[in-house]
Amino acid sequence: MADDEPVSGRRRPRGPEATERSKALERLKARIHGGRRSDATGPQIRLENPVYDTVPEDEYNALVAKRREQARSFIVDDEGLGYGDEGEEEDWSQAGFNLSSGESEDESERPKRKKVEKKDPQPKRPSSSLSAAAAMMGGQRLSSMFTSSVFKKSRDDKASESIVDDVIAEFAADETDRLRRKRANVNSSSSSVTNDALRINNTVRDKPSVDLIGASSLPANGNAESVKVVDSDGSDSGFEQKSEAVSEIEDLACVSSENGQAPVVESDDCKINEGIVEAKEMKKAEIEVKSGGKKEVFTLNAKVKEEDEEDPSLSATAGWKEVMSGAGGVDADSKDALQNQQHSELDLEKDGSFFFYILDAYEEFYGENRGTLYLFGKVKTGDLYQSCCIIVKNMQRCIYAVPSLSLHRTEEMMSLERDVQESRISSADFFKKLQDAVSDVKNEIAQHLVNLEVSNFSMAPVKRKYAFERSEIPAGENYVVKINYSFKDPVLPVDLKGESFCALLGTGCSALELFLIKRKIKGPSWLQVSNFSPSSASRRVSWCKFEVTVDSPKQINSAPKITSKIPPVVVAAINLKTIINEKQNINEIVSASVVCCNMVKIDTPMMASEWRRPERLTRFTVVRKLDGSIFPMGFNKEVTDRNLQAGSNILCAESSERALLNRLMLELHKLDSDVLVGHNISGFDLDVLLHRSQACKVASSMWSKLGRLNRSTMPKLRRSKVFGSGADPGIMSCIAGRLLCDTYLCSRDLLKEVSYSLTHLAKSHLNKIRTEVAPHEVPKMFQTAESLMKLIEYGETDAWLSMELMFYLSVLPLTRQLTNISGNLWGKTLQGARAQRVEYLLLHTFHAMKFMVPDKFSYHAKETKETKLMKRRLTHDVEDNNFDAYIDDANHDNDASEADNKKSKKGPSYAGGLVLEPKKGLYDKYILLLDFNSLYPSIIQEYNICFTTVERSLDESFPRLPSSKTTGVLPEVLKNLVDRRKMVKSWIKNEKNKNEKTDPIRVQQLDIQQQALKLTANSMYGCLGFSNSRFYAKPLAELITSQGREILQSTVDLVQNNLNLEVIYGDTDSIMIYSGLDEIEEANKIAVRVIQEVNKKYKCLEIDLDGLYKRMLLLKKKKYAAVKLLYKDGTPYEAIERKGLDIVRRDWSILAKELGDFCLTQILSGGSCEDVVESIHNSLMKVNCIVLQYQTFF
DNA sequence: ATGGTAGGCAAATAGC
DNA sequence: GCTATTTGCCTAC
Ligand SMILES: [Mg+2]
Ligand SMILES: [Mg+2]
C-alpha cells in the first residue's frame, strides 16, 4: 500500500474513502495471491497472416458478357396467364391460432415456364465453393440468448417485465434446487466402484447395407478398408479413397521429412478447382507412402481395422467414480439384442414417403450446387432413430417486381375483380386484362434475366401487401409481378429499376430462408418426404446413415399431425488439451476427450438420474506423444489395461497430432452425434481442431467428419475478433448438420455469475471441484504414466462437466421450444441470435398473410458497402504497424476467462424509458412496489402499434399513434403469444391440481414452453429498435418507448395528485410508493386501490403489486437496496434485494463487496443508529487491522 | 452481423 | 496541477 494517501481524511466523504481503501487492499491481496481476475484477453489462436481475396473474376465476367450478347437474340415465349402462387393454407393449428382469414389460392394457377434455348453449354464457373461460403454463413455470437438475467430464487409468478427476461431466472432457480438435490443424492450414494458399461448406439460401426440406398458401405467406412499401396498410376478412379486411407493412418513424422518438397495442398484457396486439389493430394499421398514404406502402412491399417471391429464402450476408470456409481453394465446379450434392432432400411409409409425430424439445415452458396439445401435430422427405423440427410435440389428464387403506378393499376384491377364477382366479365377475360396490365413489367424483367443468361424462368402477377420502410414501394395491397427462377442463376441486382417497375423485393432471400418460410417449417419438427431418390454409395455427400435427394422442395411437407414422438438425440461433449507452440504461438493438440450421451430428450428437461446412466454413456480419449519424445514408461501398458478392463478401446495412444486428429474424427463419425457440446467449444476447441487439421494436412474426408457434410475444401478460418462471440462462420459451416452447444455462452446468458469459467461453474452449480491444467503445465504431465493418466482424466472430466452443465441448464429443451415458436434454425437459437428468432417469427407471420417482407440489408446496402471499403482501407494501412498486436494470444484455453471484449457501442438513437428522480433516503415504513406487466409488449397491443398501422413520415418526424381500427400484425402476434402462454399456464395449474397424479416432468415441460413464449414476446420490441434488424423500425420503437414514458408519468401524477400518495422512485415501468404505514394489511389496501385506479385506464396494460418493502435505502437512480417481504407456503419472511450497488457489480473487489454488504445489512437491520454505526465502525477497524498485517509482510 | 435505452462511477484524456 | 469531457464497464429496466 505504498501509494496510499496519508490518513488525514477523517473529514473526507466516507463512502469513496472506504471503497478506495478496500480496493487498494484488494489489489494488494490480489498481488499476494496471484490475482483473482485474469487481465488477459480471451483465448485466441494465431494461425496465419491475413489472406486477401484475389479471386480473378475478370475472365469469368468477360465470358458472361459475351454470352449475354448471344442470348439477347433469342425470343422469349410469353403466354403466362396464371396469377397467384403456390397456395398453402395457413397451418397455425399447432400454435392454435389463426392470424387472418387468408385468401384461398390454388396450385393450379402456377405461373408458366418460359424457356430460352441455349446455344452452347454454359461456361462453368470454377468451383470456388466452400471457402467463400463461410463468409455468408450465419453468425455465432451468443451475446445473449435470453438477456442477462438474475439468478434469483422464488419470485412471484405474476412478476413480469418488459425488457428483462427474468422468467429464465425463475426457471433456473427451480432447476438449481432440483438438480442440487439430485446432485446431493448422487454424491451421498456414490461409491468408488465403477462398473463396465456398454454403449448402446454403436450403430455407425456396422456397415449399413442399406438396400434403399444401394450402398454396401459408407464412404466413412471406406477408410477402414484395407489399403492397397498406391501405384504410380494415379488416374485410378478409386484413388481418392486410397490416398485418404493412407493419409489417415500415416505418421506425421514420415511427412515432415518430405514436407519441404512435397506439393502442398492449398486447402483454403478457393481458386483451385477440385480436380487440381485431388491431383495434388494424390501426389502427396504417393510420396508419403513411398517414404513411409509399405510395411508401416499395412501394420497401422490392420490396427485400425481391428479396433473398428471392437466395440467401443464405456468402462470403469478413474474420474468417473461419482458418476458411474452403482450402475451395472449392459451384458452381452442385451447388447446383441440392441444391435439386432438396428434397421438398415427406412420405414416407408404406404404412399412411399417417409417421416423425417429436421434438426439442422445448410445451404450451399457457391459453385455448381448453389442453392442446394442439405437438411439434417432423424428418421425412425424400427425402434431406433438414425441420422439422415436430405438434399433438396432445384430451389427457385422468388422475387417480386413492384410496378410503377401501381396505385392506378390496382384500382383498375380491383374494379375488374368486382366485375368478375358480379359476373360482368369472365374469369378468362379478367386474367387476360391482368396479363396485359403487367406485360410491360414482364417484358422488361425478361430482358434483364436474359441478359443475366437466365434461360428458364417464370413470371406472374400476384396480389401482395407491403408495409415496411421502403418509400418507393406503396403500402397496402397491390398487384406485383412474381418472378421465379433457379438459385443457380445469378440474382437480379437489388437496386434494379425500370420504366415499368420501381423496385425489386426478395433478391436477398436465401434458398434456405425461402424453403423454411414457404414450407412453413417452424423449428425442429416432423416432415414428410415424398418422391425421393436414394443417393448412390459413390456419390454420398454426407456422413449420415441415410441420404436421399428430392428434386423439389414441394416434396417436403410439414407432417400433418403429430406423427410420432419427438426423437431423442445423441450429444457428444468434447474437450481438448493443448500445448503451446512457443515459436508460432499456437495451440497444438495433445489429447482429445469425448463423452457421448445417447437418447437425450429434447422435449423435456432430464433429471441427472435419467441421463447419467452407464448404458447411455460412451467415452473416449485419444492422446498423442509429444514431438521428439516417447510416451512415459508404463503408459502403453496402462492403456492396454484400461482398454482390456473396459472391454473396448476407450483410450488410444497415437504417435502424432495428425494421427490423433484422424482417430478423433473416426470416433466422432462413429458416434454420429447430433449435438456437440463443450465449454467455450465455439471459441476454442473447434477452432483449434480445424486449424490443426489444416496445419497437419488431415484429409478433407477426415476433418469434415466433425460435421455431417463431406467437404473437400476447408473454408477460410478467420481469427474471431471478439472473445465470447461464438465460432466464426467458417467454423460453423464445417460442422453443418450438427448443432453446437457452447456451455460457456449458454451459462453466460442463463446464469448470473461472477465468472463463467468451467471451474467456477462446476463449483457453484454442480458442486464439484475441477482441476485446472494450463497449457504450459501439460508437457510436464507427459513425464510419468501416472501424471499422463491424470491429464487424460482431467480432459474427460471437463467434457463431462460441460455435458452436465448442458443438462443442468436444460439448454436443449429450452432452445428447441424457442425455435418452435419462431420457426428459425435451432442452431441459430443455440448461438443466441435473438434478432433472428424475432425475424423468423415475423417472416412466417407476414408471409402467411401475403406480405412481401423486407430484404436483408436493403436500406443500408449502400451505406454498408461504403463503410466496409473504408474499414478495409483503414485496416490495411494499420496492419503493418500493428503487426505485433497478435502476440500474446495463444496463452488461453477454454477456461473462459472474463475478457469480454465488447464491441464499440453506438450511442442511443432514440429515447428510452423514464427514470424518476429518486427521493433519496433510508425509509423504515412500508413501501409499495408496483410494476406494469410486460410494459412494451402491452403497449404494442394497447395502442395497436404495427408496421401496418403506424404512419411513418419520410422526414424522421415523431410518429403519431395509429388511428386504424383493424388490428395490426404485431399486436396480433403478441396477443397470440400471450394467449398461448395463458393456456400453457392453465395447463400447468391443471396438472398441479391432479392431486398425487401430478406429473412433474410434464409440469417442467410446460413451464419451459411458457417461458419461451414470454421470452419471445419480450424480445420483439428490442428488435424493432435494432438497427441491423430486418424489421428495423425506429419510429415504432420510438413510439413504444414514448408511450411508456407517458404511461409512467401519468401513473405518477394519478397516484400523487388524485390518491395523495408519495411516489419516491420509479424506473421505466415501476413506481415505488411510500405508504408511511407499519401495517401490512393497511399497505395492501392502498395497493389494491392504486391498482384498481390505474388499471381501469387501460385495455391491455396491467399494473400489479410486485411486493412490499419493509425498509429501503434509496441512494441514486438505479441504486438501492430494500428488505422485501416474501411468502413461502403462506408464511412470510424477509430478504434483502440489492440493485445496482457496488456490491452487486463484478468490477468491484470481493473484499469491498463483502464489507459493503455487511454495512448494508446493518443499515437495513432496523437497529438503532448508534448500534449500526458502532457495528460498521468495528468491522472497518477489523479490516484495517488485516490490511496493516499484510503490510508488515512487505 | 447476431434485440433496446438510462444511468452511475472510475479511469483516461483533453485543455488550460 | 486542475477541471471538464469522454470512454469503458456494468448494471436496471
Ligand atoms: Mg414490469
Ligand atoms: Mg419493473
Side-chain angles (χ1 to χ4, degrees), chain A residues 15-16 19-20 23 135-150 160-166 720-722 725-729 732 745 752 754 824 828-839 841 856-857 860 864 867-868 898-918 931-932 934-936 1015-1034 1036-1038 1040-1042 1044-1045 1048 1065-1070 1106 1115-1120 1137-1148:
Chain A
T19 50
E20 186 53 48
K23 284 183 89 172
M136 302 287 283
M137 269 303 284
Q140 52 290 105
R141 180 173 150 72
L142 205 159
S143 66
S144 31
M145 205 183 303
F146 320 98
T147 261
S148 55
S149 48
V150 189
S160 60
E161 305 186 21
S162 54
I163 309 294
V164 181
D165 312 314
D166 59 348
S720 53
K721 266 196 206 162
V722 193
S725 63
D728 77 49
M732 291 312 290
L745 298 174
K752 167 113 177 168
V754 60
N824 55 332
K828 293 290 177 184
T829 307
L830 279 164
Q831 284 174 47
R834 286 189 288 180
Q836 215 212 28
R837 267 174 26 223
V838 173
E839 180 183 322
L841 177 62
K856 266 180 176 165
F857 311 125
H860 304 296
T864 316
T867 320
K868 268 185 185 164
E898 256 49 54
D900 247 54
N901 295 350
K902 261 198 172 176
K903 54 153 200 233
S904 58
K905 221 185 86 189
K906 294 174 298 179
S909 61
Y910 61 91
L914 174 66
V915 185
L916 303 178
E917 191 57 45
D931 185 304
F932 283 100
S934 302
L935 183 70
Y936 290 169
L1015 284 168
T1016 308
N1018 281 347
S1019 49
M1020 192 133 337
Y1021 152 75
C1023 289
L1024 293 177
F1026 173 39
S1027 56
N1028 284 328
S1029 163
R1030 191 147 164 201
F1031 290 92
Y1032 178 48
K1034 197 170 96 173
L1036 299 191
E1038 218 172 3
I1040 291 164
T1041 56
S1042 89
R1045 291 191 298 274
L1048 183 63
Y1065 182 57
D1067 186 342
T1068 310
D1069 69 342
S1070 66
D1106 210 41
L1115 295 178
K1116 288 260 174 191
K1117 281 180 174 178
K1118 297 187 192 286
K1119 298 209 176 201
Y1120 62 88
E1137 205 168 70
R1138 305 154 176 85
K1139 291 294 170 70
L1141 303 173
D1142 304 337
I1143 54 178
V1144 302
R1145 291 175 64 97
R1146 288 180 300 167
D1147 54 353
W1148 283 72

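Any value given below was found using the heavy atoms of this structure, including those in side chains, with hydrogens, waters and symmetry copies removed. We name chains A, B, ... by the order of the sequence lines, and we start the count at 1 in each one.
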Return the value, rounded to whole Å, for the distance between atom [atom1] of [X] and atom [atom2] of [N].
X         : N      : atom1 : atom2 : value
A:Lys1139 : B:dA6  : NZ    : P     : 19 Å
A:Lys906  : B:dG4  : NZ    : P     : 7 Å
A:Leu1048 : B:dA6  : CG    : C1'   : 13 Å
A:Leu916  : C:dA12 : CG    : C1'   : 13 Å
A:Lys1116 : B:dA6  : NZ    : P     : 18 Å
A:Tyr936  : B:dA6  : OH    : P     : 9 Å
A:Leu1141 : C:dT11 : CG    : P     : 12 Å
A:Tyr1021 : C:dC13 : OH    : P     : 16 Å

Interatomic spacing from [atom1] in [X] to [atom2] in [Y] - rounded to 0.5 Å:
X         : Y         : atom1 : atom2 : result
A:Lys1116 : A:Tyr1065 : NZ    : OH    : 11.5 Å
A:Met1020 : A:Tyr936  : CE    : OH    : 16.0 Å
A:Asp1069 : A:Arg1045 : CG    : CZ    : 14.0 Å
A:Leu935  : A:Ser1070 : CG    : OG    : 10.0 Å

Once you apply a heavy-atom cut-off of 4.0 Å, does [X] come out as touching a base, just sugar-phosphate, or nothing?
X         : value
A:Tyr1120 : sugar-phosphate
A:Ala1037 : nothing
A:Lys1118 : base

*With no angle test and no hydrogens, is the base of C:dC9 tied to the side chain of A:Arg1146 by a donor-acceptor pair under 3.5 Å?*
no
*Where do A:Leu1024 and A:Phe1031 come nearest, in terms of heavy atoms and distance?*
CD2-O, 3.9 Å
Look at the side-chain N and O atoms of [X] and state whether any lies under 4.0 Å from the OP1 or OP2 oxygen of [N].
X         : N      : value
A:Ser1019 : B:dG4  : no
A:Lys1034 : B:dG4  : no
A:Lys1117 : B:dG7  : yes
A:Tyr1065 : C:dC13 : no

_Nearest to the A:Ser909 side chain among C:dC10, C:dA12, B:dT5, which nucleotide is it?_
B:dT5
_Can you tell me which nucleotide in B:dG3, B:dA6, C:dC10 comes closest to the side chain of A:Ala911?_
B:dA6
*Could you say whether A:Phe1026 or A:Val915 is positioned toward the 5' end of DNA chain B, judged by the nucleotide with the nearest heavy atom to each?*
A:Phe1026
